[in-house]
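Okay, handing you the structure first.
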Amino acid sequence: MGTKLIVKCPKCANLLLADALQKTRTCPYCDAHVNLQKAQKIASGASAHEASEILKQLKKQKGFT
Ligand SMILES: [Zn+2]
C-alpha cells in the first residue's frame with residue numbers, strides 16, 4: 001500500500017521509484033541522495049506495481065530524458 005512517486009534524479013536524470021512517504025531516496029544509478037520534496041515528480045502510482053508499470057512505459061518512450 002501507499003502511493004509511489006516516479007521522480008527524476010537531479011544528478012543523473014534517471015527515473016527513480018520512491019515511496020510518497022519518504023523524504024529522501026538514494027539513486028540506484030549514481031548514489032545521489034535525492035530530496036523528494038525538491039526532485040521533479042514525473043508521475044505517481046497508487047501501488048508499487050502501478051508505478052513500476054508507468055516507469056516501464058516512460059522508459060520505452062523515445063526521447064524521454
Ligand atoms: Zn542519479
Side-chain angles (χ1 to χ4, degrees):
M1 62 179 236
T3 305
K4 299 286 175 181
L5 301 175
I6 295 160
V7 299
K8 193 176 189 176
C9 174
K11 200 171 170 190
C12 72
N14 271 297
L15 299 178
L16 319 174
L17 216 59
D19 194 300
L21 298 175
Q22 285 182 306
K23 288 196 173 74
T24 59
R25 172 89 162 80
T26 303
C27 176
Y29 303 99
C30 72
D31 253 5
H33 288 275
V34 179
N35 184 324
L36 299 177
Q37 314 290 318
K38 290 180 184 168
Q40 186 185 352
K41 292 173 189 68
I42 306 297
S44 65
S47 64
H49 177 74
E50 192 182 312
S52 67
E53 288 299 314
I54 295 169
L55 190 58
K56 257 189 241 169
Q57 296 302 318
L58 288 172
K59 283 184 173 176
K60 261 192 232 169
Q61 288 174 26
K62 285 183 181 171
F64 186 88
T65 51

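We count ligands from 1, going down the list as the structure has it; atoms in each ligand are counted the same way.
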Measure the spacing between CD of Gln22 and CG of Asn35 and express it to the nearest 0.5 Å.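 Going from the CD atom of Gln22 to the CG atom of Asn35 covers 12.0 Å.
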Under 3.5 Å donor-acceptor pairs involving side-chain atoms of residues 26-33, not counting sequence neighbours:
unit_1: Tyr29; atom_1: OH; unit_2: Lys59; atom_2: NZ; d: 3.0

Protein N, O or S atoms less than 2.8 Å from the Zn ion (ligand 1), ignoring waters?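 Sorted hits: Cys9 SG, Cys12 SG, Cys27 SG, Cys30 SG.
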Looking at Val34 and Pro10, what are the two nearest heavy atoms and their distance?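 It is CG1-CD, 3.8 Å.
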Which of these, Leu15, Val7, Leu55, sits in a side-chain contact (heavy atoms from CB on, under 4.5 Å) with Ile42?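 The residue from Leu15, Val7, Leu55 that satisfies side-chain contact (heavy atoms from CB on, under 4.5 Å) with Ile42 turns out to be Leu15.
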Leu16 and Ile6, any side-chain heavy atoms less than 4.5 Å apart: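 They are not in contact (no side-chain heavy atoms under 4.5 Å apart), so the answer is no.
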Quick check: do Lys4 and Asp19 have side-chain heavy atoms less than 4.5 Å from each other?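 Counting from C-beta outward, Lys4 and Asp19 do come under 4.5 Å.
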